[in-house]
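Report on the structure given below.
All ligand and atom numbering here is 1-based and tracks the order in the structure.
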Amino acid sequence: MRQIIFATHNKHKTEEIQQLVGDKIEIVSLDSLGERKDIPETGDTLKENARQKAAYIYNKYKKDCFADDTGLEVEALGGRPGVYSARYAGEKCSFDDNIDKLLEELDGNTNRKAKFRTVICLIENGEEKYFEGECKGVITTERYGKKGFGYDPVFIPEGHGESFAEMSGEDKNKISHRGIATRKLIGYLLSK
Ligand code: IMP
């Protein structure tokens, strides 16, 4: 069976994509390789970060692999926090800290437009390929819902009446940035 490494320490993401590809491809986790170190992620764009993570693992294990990077781009903030979404409120900050900072920065602003964007970099036989997904929506003025993670409680996707944190994982996955990018990657992998 073909094996591809997913260069992430997030177990949930690895399991989710394994379910989606079925039994044609084995998605190899970093855990199963005994790889515990943080992967360097110092790029200024989502694409650079995805490439950097995939290249680090590809060069180390010489096996096909992919990595993803996601950011929340808020129009009124000129696209911030973008690539810095995880550490928007500072190094080692919590999801709640990030949401508090976002709501504060947007306080009184009527332009609430934002989008999540995911870039996946696949390195296959040394060649890079990219897959992207985006989900447009608005930032609310308070938290709604308890599901999901990150900015989910304050993001309502376009055309929907509830936040990502009020939706089931399955419903979110149908329209989310990561769901879209992942389905493009899977479509490519299974087409071969
Ligand atoms: P990562 O590249 O998937 O690790 O995402 C970087 C950061 O973006 C996370 O730490 C979250 O703060 C935020 N983020 C990514 N995906 C989502 C999502 O689906 N919902 C809410 N926040 C997200």
Side-chain angles (χ1 to χ4, degrees), residues 6-17 20 27 29-30 37-57 65-74 77 79-106 112-122 130-140 142-158 160 162-185:
F6 189 0
T8 178
H9 286 293
N10 186 327
K11 230 178 168 177
H12 175 74
K13 283 188 188 173
T14 314
E15 284 165 7
E16 190 178 274
I17 192 164
L20 292 169
I27 306 296
S29 68
L30 292 183
K37 273 197 284 175
D38 275 345
I39 309 170
E41 202 174 333
T42 56
D44 289 329
T45 63
L46 299 175
K47 189 174 174 180
E48 265 176 62
N49 271 350
R51 194 198 62 78
Q52 190 181 22
K53 289 186 274 188
Y56 176 85
I57 294 297
C65 96
F66 64 93
D68 71 346
D69 205 41
T70 296
L72 174 68
E73 299 174 342
V74 179
L77 302 179
R80 285 189 300 118
V83 72
Y84 306 108
S85 294
R87 48 208 147 111
Y88 177 41
E91 293 297 329
K92 302 215 166 95
C93 63
S94 67
F95 290 143
D96 263 336
D97 296 337
N98 281 335
I99 290 181
D100 286 341
K101 177 162 179 185
L102 180 63
L103 295 183
E104 221 172 274
E105 274 213 82
L106 286 180
R112 316 292 299 189
K113 283 189 200 163
K115 67 179 175 204
F116 277 110
R117 208 157 61 79
T118 295
V119 178
I120 295 175
C121 173
L122 167 71
Y130 293 90
F131 305 88
E132 276 199 46
E134 69 170 45
C135 181
K136 290 186 181 153
V138 290
I139 304 297
T140 55
E142 55 186 287
R143 291 167 168 81
Y144 295 96
K146 297 256 179 261
K147 293 177 211 153
F149 71 102
Y151 300 89
D152 279 351
V154 292
F155 184 83
I156 297 186
E158 208 168 76
H160 293 262
E162 48 182 16
S163 77
F164 266 167
E166 292 176 298
M167 294 181 176
S168 67
E170 204 181 325
D171 283 346
K172 177 185 165 187
N173 199 28
K174 281 183 199 150
I175 56 166
S176 83
H177 42 294
R178 197 170 20 260
I180 294 167
T182 305
R183 283 191 292 276
K184 286 183 187 170
L185 168 73

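With respect to atom 22 (N) of ligand 1, the closest heavy atom belonging to the protein is Tyr151 N, 3.1 Å. If you check which protein heavy atom lies closest to atom 20 (N) of ligand 1, you get Asp152 OD1, 2.6 Å. At the top of the distance list for atom 8 (O) of ligand 1, counting protein heavy atoms only, stands Ser85 CB, 3.6 Å.
With a heavy-atom cut-off of 4.0 Å, Phe149 touches ligand 1 through backbone and side chain alike.
Formation of a donor-acceptor pair under 3.5 Å by the Arg117 side chain with backbone atoms of Glu134 is not found in this model. Judged by distance alone, the side chain of Arg178 and the main-chain N or O of Phe116 form no donor-acceptor pair under 3.5 Å. Judged by distance alone, with hydrogens and angles left aside, the side-chain atoms of Arg183 form a donor-acceptor pair with the main-chain N or O of Lys174 at under 3.5 Å. Counting only distance, with no hydrogens or angles, the side chain of Ser163 and the backbone of Tyr144 share a donor-acceptor pair below 3.5 Å.
Of all the atoms in ligand 1, the ones that sit under 4.0 Å from a non-hydrogen atom of Lys13 are 1 (P), 3 (O).
A cation-pi geometry, defined here as NZ or CZ lying under 6.0 Å from the six-membered ring centre and within 45° of its normal, does not hold between Lys184 and Phe131.
Smallest separation of non-hydrogen atoms from Lys53 and Asp68: NZ-O, 2.7 Å. Closest approach of Asp44 and Tyr84 over heavy atoms only: OD1-OH, 3.2 Å.
When the heavy atoms of Glu41, Arg178, His9 are ranked by distance to atom 16 (N) of ligand 1, first place goes to Arg178. Comparing Ala86, Gly179, Ser94, Gly82 against atom 10 (O) of ligand 1, the shortest heavy-atom distance belongs to Ala86.
The closest approach between any non-hydrogen atom of Asn98 and ligand 1 is not below 4.0 Å. Ligand 1 does not have Leu72 within reach: every non-hydrogen atom of the residue lies 4.0 Å or more from it.
Using a 4.0 Å cut-off between a side-chain N of Lys or Arg and a carboxylate O of Asp or Glu, Asp100 and Arg143 qualify as a salt bridge.
Looking at Thr70 next to ligand 1, an N or O pair under 3.5 Å apart turns up. Considering backbone and side-chain N/O of His177, one or more are found under 3.5 Å from N/O of ligand 1. At least one N or O atom of Lys172 sits closer than 3.5 Å to an N or O atom of ligand 1.
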